[in-house]
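All remarks here apply to the structure that follows.
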Amino acid sequence: MLSADLAMPRPSLTHPGLLARIVERLGQGAGSSADVWRQLTDNYAVDLDAVAALLPCAEPEPLWLTARAQARKR
């Protein structure tokens, strides 16, 4: 969790290559994209748009796709 002392500076990650390496390294040990977000924002000052561009988009499966798959099984 983010330190309550906001006066304590955090290192900033602004270089896209370095940011990509950190995201990849954190992703290997994290259980989810949310864990990567939390670790990054707790420990570094980052451009959230740049991080979002690096992380895979978690889109929910459409309901019609599940219904279609069940109908095919019948």
Side-chain angles (χ1 to χ4, degrees):
M1 176 165 238
L2 183 61
S3 171
D5 184 12
L6 295 177
M8 178 73 105
R10 293 177 287 160
S12 63
L13 291 174
T14 56
H15 189 275
L18 181 59
L19 182 58
R21 285 194 298 266
I22 296 291
V23 167
E24 181 180 357
R25 183 176 54 101
L26 291 175
Q28 292 173 356
S32 68
S33 293
D35 290 338
V36 174
W37 275 101
R38 185 186 48 74
Q39 289 180 31
L40 275 172
T41 57
D42 283 356
N43 297 306
Y44 302 99
V46 296
D47 178 0
L48 297 179
D49 290 331
V51 175
L54 293 171
L55 292 175
C57 181
E59 296 182 19
E61 185 175 294
L63 294 175
W64 60 265
L65 188 59
T66 305
R68 179 183 282 177
Q70 290 175 352
R72 287 185 179 174
K73 289 181 182 179
R74 293 181 190 168

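Bear in mind that the values here come from a model prediction, so they are computed numbers and not experimental data.
Once rounded to the nearest 0.5 Å, the distance linking CG of Leu40 with CG of Asp35 reads 11.0 Å.
Scanning all heavy atoms of the two residues, the minimum distance from Gln39 to Leu26 falls at OE1-CD2, 2.9 Å. Taking every heavy atom of both residues into account, Val36 and Gly27 meet most closely at CG2-CA, 3.8 Å.
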Name every donor-acceptor pair, under 3.5 Å, that has one atom in a side chain of residues 44-51 and the other anywhere in the protein, sequence neighbours excluded.
residue : atom : partner : partner atom : Å
Asp47   : OD1  : Asp49   : N            : 3.1

Result block: side-chain N/O donor-acceptor pairs under 3.5 angstrom for residues 14-25, not counting sequence neighbours:
residue : atom : partner : partner atom : Å
His15   : ND1  : Gly17   : N            : 3.0
His15   : ND1  : Leu18   : N            : 3.3

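Every residue two or more places apart in sequence or in another chain that forms a side-chain contact (heavy atoms from CB on, under 4.5 Å) with Ala34 is listed here: Ser32.
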